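See structure below.
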There are 2 protein chains.
Amino acid sequence: MGQEHQDPVDPMEVLTAHIVRKGLRMTRQRRLIAEVLLNEVGHLNIDELFGLVRKKDPHVGYATLYRTVKLLVECGLVTSAQFGDGSARFESAVNRPHHDHLICTECACIIEFENEEIEALQVQECEKHNFLMRHHKMEIYGLCINCQ
Amino acid sequence: MGQEHQDPVDPMEVLTAHIVRKGLRMTRQRRLIAEVLLNEVGHLNIDELFGLVRKKDPHVGYATLYRTVKLLVECGLVTSAQFGDGSARFESAVNRPHHDHLICTECACIIEFENEEIEALQVQECEKHNFLMRHHKMEIYGLCINCQ
DNA sequence: TTAGGTGCAAACCCTTTGCTTTCTA
DNA sequence: TAGAAAGCAAAGGGTTTGCACCTAA
């Protein structure tokens, strides 16, 4: 379940711990990509992330980007989502609770919301089916107030 | 929103009406693909659908499949979903209410559930943001009872 | 008869992988 | 110094598109 009311964490420490635990190494590129993605608000697709990272280091490639984002998702610092268009979008999960998305199919804007009642019902539903929840997503597609 | 308690509909009539409305044509292939997909229970990916359709007509190609499924989604007879693996899955929506999914990340089994309370809260949430809901999906990932 | 549809192959797009070089620990 | 990581390019996998031929209306 959630990271609802935890103390703030230092994401770099989380990443470092994860890397050490797996016998991997901290590199300049990993640090850079983590800093860029974790400090960004909103949902970045891989091209947007690529652009931001390249501004600070023009030599980073897509492969490194994908490999590092995977690492960040693994240790819970980033969540990934698919919003209809074929490509994945990534969002910092640092120091913020779980939330869901309203996605406008017209202008592609994304409205976030938190709803603890829904979260609680989801937990109930899992218990009913003896299902061990790892993560979940809820997406509502439609028209935002400006596009109706 | 929902098709909660409607009278049964004849899917072929719905499809025909949609086709006429758009100035398109009913073809042997469209009828075949609709019959196969709508009579199947559970979630088919494109290869599984391809296999079933080819059994009845070995000449149908992937392009026709994709184009027809798109048509079926448009007129509400089929829903599509992405369950983590990169490919889309399709499910008949004929004469059955909206439901959500528990997805086991170990054995890939899918448990379906309906929860009217959650549905109601989703509607509330949309109203709160003046958002016009077209469709929505909720997916809970984790371990089923056999994989824990 | 005439758009629209089909089927094939090629193109596309996003993501992953292989391999050589570079760099962390 | 050993082995992990980066960067490039090429491969992969799912989906869409272009085009010549076919077919429903």
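In what follows, every chain begins at residue 1, and chains take the letters A, B, ... in the order their sequences are listed. Quantities reported herein were computed from a predicted structural model and do not represent experimental measurements.
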Validation row: S80(A), V69(A) side chains within 4.5 angstrom (heavy atoms): no
Beyond-backbone contact of D100(A) with N115(A), side-chain heavy atoms, under 4.5 angstrom: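 Side-chain contact under 4.5 Å: no.
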Axis bend over the full length of the helix from dT1(C)-dA25(D) to dA25(C)-dT1(D), computed from five pairs that close each end, to 10 degrees: 40°
Rounded off to whole Å, could you give me the [atom1]-to-[atom2] distance for the [X] and [N] pair?
X      : N       : atom1 : atom2 : result
Q29(A) : dT22(C) : CD    : C1'   : 10 Å
H18(A) : dA5(D)  : NE2   : P     : 11 Å
L24(A) : dC23(C) : CG    : P     : 19 Å
N45(A) : dC13(C) : CG    : P     : 14 Å
I33(A) : dA5(D)  : CD1   : C1'   : 11 Å
D57(A) : dC23(C) : CG    : C1'   : 14 Å
D85(B) : dT15(C) : CG    : P     : 14 Å
E48(A) : dC14(C) : CD    : P     : 12 Å

Presence of salt bridge, R96(B) and E112(B), under 4.0 angstrom: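 Salt bridge: yes.
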Basic-acidic side-chain contact under 4.0 Å: E35(B), K56(B):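 Looking at E35(B) and K56(B), the cut-off is not met.
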Q148(B) side chain vs L143(B) backbone, donor-acceptor pair below 3.5 Å: yes
Ring pair (Phe, Tyr, Trp, His ring centres under 6.0 Å) contacts in which one or both residues fall within residues 50-72 of chain B, not counting sequence neighbours: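 Applying ring pair (Phe, Tyr, Trp, His ring centres under 6.0 Å) to every pair that reaches into residues 50-72 of chain B, excluding sequence neighbours, yields F50(B)-Y62(B).
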5′-ward residue of the pair H59(B)/G23(B) relative to DNA chain C: G23(B)
Contact pattern, 5' to 3', of nucleotides 9-24 of chain D - B, S or - by protein heavy atom under 4.0 Å: -----SBBBB-----B
H136(B) and H98(B) aromatic centres sub-6.0 Å: yes
E74(A) atom CD: more than 12 heavy-atom contacts under 6.0 Å: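 It does: E74(A) CD has more than 12 such atoms within range.
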Geometric class of the H43(A)/H99(A) ring pair [parallel <30°, tilted 30-60°, perpendicular >60°]: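 Perpendicular: the ring planes of H99(A) and H43(A) meet at over 60°.
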Side chain of R30(B) - closest among dA4(D), dG5(C), dG7(C): dG5(C)
